[in-house]
2 protein chains.
Amino acid sequence: MPTAAATRSDALRNRAKLVAAARQLFAKNGVEVSVEEITRHAGVGMGTLYRHFPTKDELIDAVLEDAFDEIIGLAEEAAESADAWAGLTGFFERLLELHAQNRGVKDIVALREHGARRADAMRARLRPLLARIVERAHEQGTLRADFTPDDLPLIFWTANRVIELTHDVAPNYWRRYLALLLDGLRPAAATPLPAAPLTRAQLTRALGRLHR
Amino acid sequence: MPTAAATRSDALRNRAKLVAAARQLFAKNGVEVSVEEITRHAGVGMGTLYRHFPTKDELIDAVLEDAFDEIIGLAEEAAESADAWAGLTGFFERLLELHAQNRGVKDIVALREHGARRADAMRARLRPLLARIVERAHEQGTLRADFTPDDLPLIFWTANRVIELTHDVAPNYWRRYLALLLDGLRPAAATPLPAAPLTRAQLTRALGRLHR
DNA sequence: CAGAAAACGGAGTGGTCACTCCGTTTACCG
DNA sequence: CGGTAAACGGAGTGACCACTCCGTTTTCTG
């Protein structure tokens, strides 16, 4: 009776070393660090990396799994908040703090089609949570009525840009940007908007552009 | 009496062909088109390009000269507007329209240190004009008091990001974003901001990050 | 403890890019 | 025209990237 071959101990060890090295490097420099640098940090060869992960994106996916969970947690917490506006703004503050201290996070939303199983799953779980917060904020009259859940990526995209540009130089400047933008989302500030929100299909296609 | 050698006619012609080809390609695809593609479109060899322009950035600089002038023109027009708020918002609308139809424009602010003589000059001319508009809007009470001229790049940076991501898919979506953000800049919308504006030095360093 | 299967490492491949070098062609002057 | 300096073109260079291939080493099993 042929037992399904158990994974060898060195294989397990090396996989763990790779993930640990990648986690550290992604946090410091974003996912664009070269695979060569990752293997060097992990003390293994290129072949080892590509035996464990068919592609760099798959490694990214594996490394960012924790971050996925953390983000989902933030959204669940936000959805439970009695004050929907506070929940929404708090969610963005936390999410962007995460990005500010871990540059890998910014790419979570953006992983390429292929190695993005977990990222897709995360987005799918996130969507209804955020939709509910927006809906409840509308009901509570604390969010302008013409703002839709599909406008949310706008906040993430643009604040990420601010973080990328200013984090090394003024690590809290993004908070100023976020405050300015949020002030425009209050019902009292609303003036008629000149263009429609994105459709789901448009949003998906825009997501594809996130990679350079 | 040795006359200073007059430039040969073919050299002049080829230089013009290069600039024309680059202008067209930059507008359609942004400045990241390869030099090989530029020479192919111009119908000249690589050597010819690099005899006329010591570096790709110098070529970019030459090509975007017109756009520089156009932007300065927009700012002057805005500075003359009696209603400073209308001038400011109009300026950004026009500037971003320019970007939406000419992808090269987005890089104007960002040219690398070296081949950026003209870009630097443009920024230097732009700064006092924009500072005046902001000041007058403050006087007229149409812009929140805690918004400074050094916060203006925020609008450009973030709106550019929206254009890059959505232009092919929803060419006017950036207008929606701009409207949301501007609604946050009105005095009535203002809540206290959690972080200071960038200093001039910080701004300069952040500019350096614009190139990926 | 032996030998087969599994895992390893890292030089090598193929792609892209900006930029260079030099044999060939062209324009201009007398 | 004819000779010469200027300008030309494009294959080649080197740097970087993700990814592959295969001779060598390690682990585990009987």
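Below, read A as the first sequence line, B as the second, and so on, with proteins coming before strands; counting in each chain starts at 1.
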For a quick check, tell me whether the side chain of A:Arg8 and the base of C:dA6 share a donor-acceptor pair closer than 3.5 Å. yes
In whole angstroms, how far is the C1' atom of D:dG12 from the CD atom of B:Glu36? 14 Å
Among D:dT26, C:dT26, D:dA18, find the nucleotide with the atom closest to the side chain of A:Ser34. D:dA18
Integer-rounded Å distance: C:dG10 P and A:Arg40 CZ: 12 Å
Between A:Glu70 and A:Arg94, does any side-chain N to carboxylate O distance fall below 4.0 Å? no
Between D:dG23 atom P and A:Arg51 atom CZ, what is the distance in whole Å? 15 Å
Whole angstrom value for the distance that separates P of D:dC17 from CD1 of A:Ile38: 11 Å
Verify side chain to side chain contact (heavy atoms under 4.5 Å, CB included) between A:Arg13 and A:Asp10, making sure each step is shown before the conclusion. CA-CA 5 Å; A:Arg13 212 181 319 123; A:Asp10 53 347; 3.8 Å; yes
Consider the side chain of B:Val35, meaning its heavy atoms from C-beta on, and name the nucleotide among C:dC8, C:dC19, D:dC19 that approaches it most closely. C:dC19
Atom-pair distance (CE on B:Met46; P on D:dC8), nearest Å: 14 Å
Checking C:dC28, D:dC19, C:dG9 against the side chain of B:Ser9 (C-beta onward), the nearest is C:dC28
Using the closest heavy atom to pick a nucleotide of DNA chain D for each, name whichever of A:Arg13 or A:Tyr50 lands nearer the 5' end. A:Tyr50
Please report the distance, rounded to the nearest Å, between CG in B:Leu12 and P in C:dC28. 10 Å
NZ/NE/NH1/NH2 to OD/OE distance under 4.0 Å, A:Glu164 and B:Arg161: no
From the set C:dC19, D:dC8, D:dT27, return the single nucleotide nearest to any side-chain atom of B:Lys56. C:dC19
Of A:Gly47 and B:Val33, the one whose nearest nucleotide on DNA chain C sits closer to the 5' end is A:Gly47
Gap between atoms CD and P, on A:Glu37 and D:dA18 respectively (whole Å): 10 Å
What I want to find out is whether B:Asp66 reaches B:Arg23 closely enough, with some N-O distance under 4.0 Å, to be called a salt bridge. yes
